[in-house]
Protein chains: 2
Amino acid sequence: MNSSRPITIKDIARRFRCSPSTVSRALNDHPAINEDTRKNIQEYAREVGYQRNEVSLSLLNKKTASLGVVVPTISNYYETAVIEGLHTILQPLGYTLNICVTNENYMLEKEYLSKLLSNRTEGIFLSVSQETYDSGYYEHLESVIQRKTPLIFIDREYEDFETSRATVDDYHGAFAAVEHLINIGYKRIAHLKGPNGLTVSEQRLKGYVDCLKKYDMPVQEELIINTNFKVESAIVPTKRLLEMAAPPDAIFGVNDQVAIGAMRVVKDKELKIPQEVGLIGFDNSPISAYTFPSLTTVSRPGRKIGMEASRLFLNQVNGAGDFIHESIVLPSELVIRESTLRI
Amino acid sequence: MNSSRPITIKDIARRFRCSPSTVSRALNDHPAINEDTRKNIQEYAREVGYQRNEVSLSLLNKKTASLGVVVPTISNYYETAVIEGLHTILQPLGYTLNICVTNENYMLEKEYLSKLLSNRTEGIFLSVSQETYDSGYYEHLESVIQRKTPLIFIDREYEDFETSRATVDDYHGAFAAVEHLINIGYKRIAHLKGPNGLTVSEQRLKGYVDCLKKYDMPVQEELIINTNFKVESAIVPTKRLLEMAAPPDAIFGVNDQVAIGAMRVVKDKELKIPQEVGLIGFDNSPISAYTFPSLTTVSRPGRKIGMEASRLFLNQVNGAGDFIHESIVLPSELVIRESTLRI
DNA sequence: ATATCGAATGCAAACGTTTGAAAAAATAAA
DNA sequence: TTTATTTTTTCAAACGTTTGCATTCGATAT
């Protein structure tokens, strides 16, 4: 009774005692259709709220106009900025973004990819989960490659694959951050690093290490402590750092969240920022400009990454012949604020 | 040449010189299929990476197992928490979430809804955009209702519609926040409110106003200033407040972001928190616990809202006969921290 | 040998739409 | 009126899969 089956082209055809093809053509303003017929049909269609079934069209044309965006999380500023960038470019072109959150979980990532393929998604933007990284499995990606579905890596890349990728230059960002600390005169710089195995974590760590080396400063294991990107994960590590016999005089957090967590601990210890302890983050999240003191950080162009990734995808789709795989690396930029500005 | 058309059931049938139906049944473990045939077909299918075309199935079964989530933004903690909640319940049931970000834009919202309907989405979770609110247009929702596609309002509700909704009790949350300030002894309480027209903003404002009235405190227009939920939008208003002849001794921010922006300004003026100025936010975002001083706030159960909304959806889908429309209001809870704790 | 049964497979329709080609209808020219 | 031409409409196939109902084939019972 209340079935309320959506109106189809056939329903309309029955109503006008004509064939479905006529209705289809009328609705699509095909020139071969009589003016009156067209008007009547279009009016009636509007009246009864006809909306064409895109599923059937997808089947017919093998085009779905939908894209998969597979990311570990959407709880950070950076990730949402990337999505916004993708959206900015792709939405106007008629693409629908199917956002899949893996929670850093390998199985979920695998499931999502498989589902996206089954749904005949036309392209996939992927930032692999931490578990995937750790495990080193990548079979679930094979089927994407095999199907020649355009696959764009975002941010976390997979060295082994021949695909396009858009990443931020984490290495030089971290390098610049540490160099800045050294220039200011900080002597003992700690690093609250990200989870092991992630490119992001490792690149920033590498930037930190290499910069210290460049300036002939010792790289000390005990000054490098793991976090998981979240505010609270910075608390215990920072306490440990500050309670050392020889505590650091500056802390480089793997992201703003971690740096802000550290900031809290430093203040609890009643140490002056930036005089006694310098602090620096990564991401340039909106809040970093408004902490007290404001946080020196490295900006990551998330929106731009999203837009560049879109471009990479479009290149593959429109590119005649073989795909051209490109790697784009956008620079990150040091944003100096109060948390490091001692004179 | 590199067309790489996905393998279909027909391809497999041709390979085995049998009919597509046999292949279909074999792949689905139909009992009427010969054991050997089944094995051979399944093995071959795995080998060539067959993946069934869900689009065709959707067409056949009129089921897409995809749900639309239409939200104004995903840049806030709360929204992402809601999505996480939806995800938690619905992903295991095989649903795909199609997340659409409207950027508070009416036209985009309309387009998304239309597209979701065209794609035969089985349900829509909607938090209407600000523009929709302001304009008061709701025709784009009519077609959703007409199609009897389950529509669940999240958070921002539309009084005029007969639909299910899951919202947070903003009113009492705000009331409790202000009451807390009054209990502590703050005498002149300002409110940095959210954009006009949004239920969220208005409910919190109402809670603020009603609480003041209850305690016979004057409601002063000049102590109520607009913001747009973002950190930076709190800066100028807070300055204006603090430079008044009779400045407030407490500020209630419409969310944590705004409160944190205000916190920054208060500190710049070298006023003591909470002694000279009390501060309170809304959302209990992760960072609010780690500002210095930590921020008193009202927690909104975003994850729970998402889970409850899922439940409402499932009720509609599984419910025999007519839909049962439910309204769920979850309580918000005061979280007392340092920014209001003066003795 | 014939009827009966069971197992395994095939046929055909269905989902909603588009589209080239053919057919029908209307109009113009001879 | 007949033929040629143009306009308008219909037919049928296609996209990939499932499924109720035949159909086939071999085996068993009569």
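Owing to the predicted nature of the structure, the values given are computational and were not obtained by experimental measurement. Note on naming: letters A, B, ... go to the chains in the order of the sequence lines (proteins, then strands), and numbering restarts at 1 for each one.
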Point to revise | Residues touching DNA chain C, which here means a heavy atom under 4.0 Å, drawn from residues 26-35 of chain A | key: A:Asn28
Practice item. Take the C1' atoms of the five end pairs on each side of the helix from C:dA1-D:dT30 to C:dA30-D:dT1, derive the two axes, and give their angle rounded to 10 degrees. Key: 80°
Exercise for review: With sequence neighbours excluded, give me every ring-ring contact (aromatic ring centres under 6.0 Å, His included) pair touching residues 46-74 of chain B.
Suggested key: none
**Study point:** Partners meeting side-chain hydrogen bond (donor to acceptor under 3.5 Å, both in side chains) with A:Arg15 (sequence neighbours left out)
**Key:** none
Study note, to complete from the structure: side-chain contact (heavy atoms from CB on, under 4.5 Å) filter on A:Glu139, not counting sequence neighbours, yields A:Tyr137
**Study point:** Residue pair A:Asp29 / A:Gln42, side-chain donor-acceptor N/O under 3.5 Å
**Key:** yes
**Study point:** Given DNA chain C, 5'-ward residue of the pair B:Pro20 and B:Asn61, judged by closest heavy atom
**Key:** B:Pro20
Exercise for review: Walking along DNA chain D from 5' to 3', note the first and the last nucleotide with an atom under 4.0 Å from a heavy atom of chain B, and give both.
Suggested key: D:dC15 to D:dC21
Under 3.5 Å, which donor-acceptor pairs link side chains of residues 18-27 of chain A to any protein atom two or more places apart or in another chain?
from: A:Ser19; atom 1: OG; to: A:Ser21; atom 2: OG; distance (Å): 3.0
from: A:Ser19; atom 1: OG; to: A:Thr22; atom 2: N; distance (Å): 3.4
from: A:Ser19; atom 1: OG; to: A:Thr22; atom 2: OG1; distance (Å): 3.2

Check your understanding: Which part of the nucleic acid, if any, lies within reach of A:Thr22 when heavy atoms closer than 4.0 Å are counted: base, sugar-phosphate only, or nothing?
Key -> base
Point to revise | With B:Leu67, the side chain to side chain contact (heavy atoms under 4.5 Å, CB included) member among B:Ile152, B:Ile124, B:Leu97 | key: B:Leu97
Study note, to complete from the structure: B:Arg120 meets the side-chain hydrogen bond (donor to acceptor under 3.5 Å, both in side chains) criterion, sequence neighbours left out, with none
Practice item. Decide yes or no for A:Leu141 and A:Leu126: does some side-chain heavy atom of the first lie under 4.5 Å from some side-chain heavy atom of the second? Key: yes
Check your understanding: Hey, does A:Ser21 reach any base, or is it just sugar-phosphate, or nothing, if we go heavy atoms under 4.0 Å?
Key -> base
Exercise for review: State which residues pass side-chain contact (heavy atoms from CB on, under 4.5 Å) with B:Ser56; sequence neighbours excluded, sorted by chain then number.
Suggested key: A:Leu59, B:Asn53
**Study point:** Sugar-phosphate, base or nothing in reach of B:Lys10, heavy atoms under 4.0 Å
**Key:** base
Review point. Which sits closer to the 5' end of DNA chain C, B:Ser19 or B:Leu59, going by the nucleotide each is nearest to?
Key: B:Ser19
Check your understanding: Is there a residue in residues 36-55 of chain A whose heavy atoms reach under 4.0 Å of DNA chain C, and which residues are they?
Key -> A:Tyr50, A:Arg52, A:Asn53
Practice item. Answer with yes or no whether the side chains of B:Ser143 and A:Gln51 bring together a donor and an acceptor at under 3.5 Å. Key: no
Review point. With a 4.0 Å cut-off on heavy atoms, is A:Leu60 in touch with a base, just the backbone sugar-phosphate, or nothing at all?
Key: base
Point to revise | Short side-chain N/O contact from A:Ser24 to OP1 or OP2 of C:dT18, under 4.0 Å | key: yes
Exercise for review: Apply ring-ring contact (aromatic ring centres under 6.0 Å, His included) to B:Phe313 and list each qualifying residue two or more places apart in sequence or on a separate chain.
Suggested key: B:Tyr95, B:Phe125
Point to revise | Where at least one partner belongs to residues 9-46 of chain A, residue pairs that pass ring-ring contact (aromatic ring centres under 6.0 Å, His included), sequence neighbours excluded | key: A:Phe16-A:Tyr44
Review point. Do the side chains of B:Asn119 and B:Thr64 get nearer than 4.5 Å, heavy atoms only?
Key: no
